Amino acid sequence: MNEWQKKSPLDWETYVNKRVKVAADEKNEYEGWVLTVDPVSASIVLANFPENEPVSIVVVLGHAIQEVDVIQDADNEMKARLSCIFEPEESKAYSPEQLDKRKNDLKNWLETNHIPVTEQGESGRTLCVAGVLTIDPPYGPEECSCSNEIILSRVQALVQSHLEKQQ
């Protein structure tokens, strides 16, 4: 096990949203913005934004990492770019205010119908229904996620009916 793999998830979290240079096995070097570090494998996910090209994602496996050097911290604009890389295309069609309204409308509607719902995540963007199902932006039936298929289909039907009533 190398030094990188011995670090704790809290140590790895300090690298998120920073531009780094990664020295790996076989004299390979990678550079990019850290999106995340997998806490199980210690693999690091890097993003780059080449001009006039789509975003480039590279995963450097944890066991191969020899050294990680921080080059620069992300400014607010870069943090915003990094945070929306894996956001579904549908949610990009809504402004932050529209997404907030959709979330609050759905949350209020679920609570009115006696369905327990909470907000999760750093920014409270994800709705959690009864502690077992999550709904991500833009808060449609396709964004529902649950390991129990019966609960999933029932809540998806509720969300769909809510959206149809609003139109």
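Values below: all heavy atoms of this structure, side chains included; hydrogens, waters and symmetry mates excluded. Along the sequence shown, residues carry numbers from 1. Quick caveat, the model's predicted, so the values are computed rather than measured.
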In terms of heavy-atom contacts, Q156 and P141 come closest through NE2-O, 2.9 Å
ask   = Is I57 linked to V22 within one hydrophobic cluster, defined over Ile, Leu, Val, Met, Phe, Trp and Tyr using a side-chain heavy-atom separation of less than 4.5 Å?
value = no
Under 3.5 Å donor-acceptor pairs involving side-chain atoms of residues 113-121, not counting sequence neighbours:
| unit_1 | atom_1 | unit_2 | atom_2 | d |
| --- | --- | --- | --- | --- |
| N113 | ND2 | W109 | O | 2.8 |
| E119 | OE1 | K103 | NZ | 3.3 |
| E119 | OE2 | K107 | NZ | 3.3 |

If you count heavy atoms of other groups shown closer than 6.0 angstrom to CD of E149, is the number above 12?
no
**Study point:** Co-membership, hydrophobic cluster, residues V20 and W33, 4.5 Å side-chain
**Key:** no
Do E142 and D136 have side chains that get closer than 4.5 Å, going by heavy atoms? no
For L152 and S145 the tightest heavy-atom approach is CD1-N, 4.1 Å
Sorted by chain and residue number, the side chain to side chain donor-acceptor pair (under 3.5 Å) partners of E97 (sequence neighbours excluded) come out as S95
When every non-hydrogen atom of V59 is compared with those of S43, the smallest separation belongs to CG1-CB, 4.1 Å
| message | Quick check on the hydrophobic clustering: are L46 and V55 connected, directly or via other members, by side-chain heavy-atom contacts under 4.5 Å? | response | no
Discussion item. With a 4.5 Å cut-off on side-chain heavy atoms, are L106 and I135 touching?
Written reply: yes
Tell me, do H162 and D105 make a side-chain contact under 4.5 Å, heavy atoms counted?
yes
Indicate the ring-plane relationship of W12 and W4, choosing parallel, tilted or perpendicular according to the 30° and 60° boundaries. tilted
| said: Can a side-chain donor-acceptor contact be found between E164 and Q160 if the only test is distance below 3.5 angstrom? | reply: yes
Side-chain donor-acceptor contacts of residues 60-82 below 3.5 Å, not counting sequence neighbours, with atom names and distances?
| unit_1 | atom_1 | unit_2 | atom_2 | d |
| --- | --- | --- | --- | --- |
| Q66 | NE2 | D25 | OD1 | 2.4 |
| D75 | OD1 | E77 | N | 3.4 |
| D75 | OD1 | M78 | N | 2.8 |

Closest non-hydrogen contact found for C128 with G131 is SG-CA, 3.5 Å
P96 backbone acceptor or donor facing D100 side chain under 3.5 Å = no
**Non-hydrogen side-chain atoms of I85 and F49 separated by less than 4.5 Å** = yes
Would a hydrophobic clustering, with Ile, Leu, Val, Met, Phe, Trp and Tyr connected at side-chain separations under 4.5 Å, put V34 with V45? no
Taking the side chain as everything from C-beta on, heavy atoms only, tell me whether C144 gets closer than 4.5 Å to V159. yes
To the nearest 0.5 Å, atom OG of S56 lies from atom CG of N48 at 5.5 Å
Honestly curious: do Y139 and L163 fall in one hydrophobic cluster under the side-chain, below-4.5 Å linking rule? yes
- Query: Got E143 and P137 here, is their nearest side-chain heavy-atom distance under 4.5 Å?
  - Reply: no
Interatomic distance, CD1@I44 vs CG@D38, rounded to 0.5 Å, equals 11.0 Å
